[in-house]
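Since the model is a prediction, treat every value here as computed from it, not as a measurement.
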Amino acid sequence: MEVDRTSHELRPMTCELGHLSRSDGSATLTQGDTTVITSMYGPGDVRISKEIIDKATVEVTYRPKIGLPKCSDKLKERLIRNTCETVILSGLHPRTGIDIILQEMQNSGSFLSCCINSACLALLDASIPLKYLIAAVTCCISDKGEITLDPDLKQEKKSVAILTFVFDSKDFNVVTVSTSGSFSNEQFQSCLMACREASKHVITFYRESMLKKLSKSV
Amino acid sequence: MANDLKTFQPKEYYRKFLEKDVRPDGRELGECRSTVVNIGSITTAEGSALVKLGNTTVICGIKAELANPKADEPKNGYIVPNVELSPMCSAQFRPGAPGEQAQVLSQFVVDVLQNSECVNLQDLCIVSGKLVWMLQCDMICLDYDGNVADACVLSLVSALKNTCLPKVTVNEETQAIETDDKITNNLKVQTTPVSTTFAIFDDHFVIVDPTIEEETLATGIITIVTKEKKLCMVHKPGGTPLKDSQIQLCIDRAIERSGQATKLIDETQCSLDR
Amino acid sequence: MAGLELLSDQGFRIDGRRSHELRKIQCRLGVFKQADGSAYIEQGNTKVLAAVYGPHEVKGSRAKMLQDKVLVNCQYSMATFSTGERKRRPRGDRKSTEMTMHLKQTFDAAIITNLYPRSQIDIYVEVLQSDGGNYCASVNAATLALIDAGIPLKDYVCACSAGFVNDTPIVDISYLEESGGGPELIVTILPKSEQIVFLEQNSRLHEDNLSKVLDVASKGCKDIYAILDRAVRDHVSKVSNVANTTE
């Protein structure tokens, strides 16, 4: 089902917060048709071998929809873990562990940014102290040089390069970059600027979701 | 006195150097360590290269095997890179199954190969749909002194340029595979991807080619892979946010470095042929 | 029997050596900065690296800790590209585990173990290119690495292999000569006291010939000892020169 949207708009996003009863924080984020469930536990116990004396230990586990986690998933976990480590004020919870578990439900394009956004929402849901919010946006460059934001699977397959940027909500500087395919320096800069504009919408979406959640609970 | 400061307050020790625009080993902030490339030292492998980036040493060996292609890609061969971080290279690695760092590095090299398309997989095809070459690239880290990712990519590209594959024909009547060791073809490498890693320290210092001490003290890392003048991968896994101007600086430095590295590989290749 | 002639009528072997000649040995100490001691040795086409870490606290299971001696932990690993056919498992297969155990037994006997109780010394050996004599090159490389790390040894540990072809014992056999099917004797000795630390023999060898082959192998070990000793002295004098000039 093709939805008409301009190349500079993000797909519609919906989320549900706090729906898992056992975890400290949980979020299900849907961007277009891509869905990721994130659950997080923390700050809690951590194995002595992994303990850090002045900070919290952040661990990320990613589970694909089918099959066992592969080598390529380890790189995703490392990326998300480093991003979350930058954001979390881990100095406030030394010698504890924060576990973030991501479960892929459906991959319809822009998967990495959906994972990072849902991880941020889960951290918000669990009230973990953060330095700033993070917003992830994916864009792809087609073989004609056109930039499309938040591509779906079909657009990703036809593209020459796919870039994912993560911005912080304070100064909108780049926290994380992950790219595939080849592109020129100028294309990189234009994607950067386009994604930065779009990330502001993501931050607004976070605020609206939190408002909705908190206004419901008594 | 300097040693005491280095042990108890490594960050302070480091800051004193960075304020004067220099690093403890005498390099400038934008200077890479001396690179040494040695090609073709392992005669049992089809292609091999040893790269020393300062003290970091990685040896790459390429073995070629015959395999059946995938049903949906009958003309494509395989290139399978694998990075091994044994306990020999550093006290922080334990013996046993590949740890997280080794898997992350292996996946990084796979992505670099895919993004840069440095070897056309169709060049590895012998008989479409039936027989293709599978190149197993094993990179063994011998000395882990920071920036292993760059050394791995450099060694892999140098080894690929050095690879010679024997001529293989399939006898039509008997369907037997005949290998002719005497006739060898050089593997055609289309582009030379070069990776450059920068470490971010304290939000505003960006240093090139970190050593292991600099890597542990850094607050973030960014790796840029370039091929000729185009970018084929920008990888920044979290860490301190960077301003656009800083990223631009890194990209310019990476393009400069890639020119130097490509020249080094070509010179080594020429001296080998002589 | 048609095939490769391991020993020609004029007394030359396949690679042009005589029956009592060793392959060319090149070695270097202190090749890695991360390891406490390291060495690289080339015996003909066999290239082996060794790295030593320790003595340090017992890592892994505390149960393995010995109260009165140091725990020697070896790992023998062959690079996947080291042999003609790609090796699927660099370590963990039976041959590698056997080699690891032999190395451990050898160095347990050579290191003065009661100096470091409740500690561990790690010896890692990596074979980059394999052309016969893997075990011997590994032992020689590990000896140099232990000396580089400053770990007290009872004596140098030198290993050499020998075979028996056409009623002539040949020393330092290469891969082709090994696969020829003749008997192979590997001996590891402490050169000064002439004590045998490790001895292994494959295939069939008549007991009358045993002493001949053993003598040839021991002589080979002593020749290797001379080469290793010279390498160590060169390395130390180079390092001390550098230390002198920087003061």
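Rounded to the nearest 0.5 Å, atoms CD (E126(C)) and CE (M88(B)) are 5.0 Å apart. We find the NE2-CD1 distance between H235(C) and I147(C) to be 10.5 Å, quoted to the nearest 0.5 Å.
For a residue to count as touching a neighbouring chain, one of its non-hydrogen atoms must lie under 4.5 Å from one of that chain's; by this rule D145(B) touches chain C with backbone and side chain alike. Of the two parts of F32(C), the backbone and the side chain both hold a non-hydrogen atom closer than 4.5 Å to a non-hydrogen atom of chain B. Within the 4.5 angstrom heavy-atom criterion, only side-chain atoms of I140(B), from C-beta onward, approach chain C. Contacts of K47(C) with chain B are made by side-chain atoms alone, with heavy-atom separations under 4.5 Å and no backbone atom involved. With a threshold of 4.5 angstrom between heavy atoms, S48(B) does not approach chain C through any atom at all.
Side-chain N or O atoms of Y78(B) include one that pairs as donor or acceptor with a backbone N or O of K70(B) at under 3.5 Å. The closest donor-acceptor contact from the side chain of R23(B) to the backbone of L29(B) lies under 3.5 Å.
Each of T223(B), T211(B), T197(B) was compared with N147(B) under the side-chain hydrogen bond (donor to acceptor under 3.5 Å, both in side chains) criterion, and only T197(B) meets it.
Contact tally against chain C (heavy-atom pairs below 4.5 Å) for I62(B), T57(B), T44(B): the top residue is T44(B).
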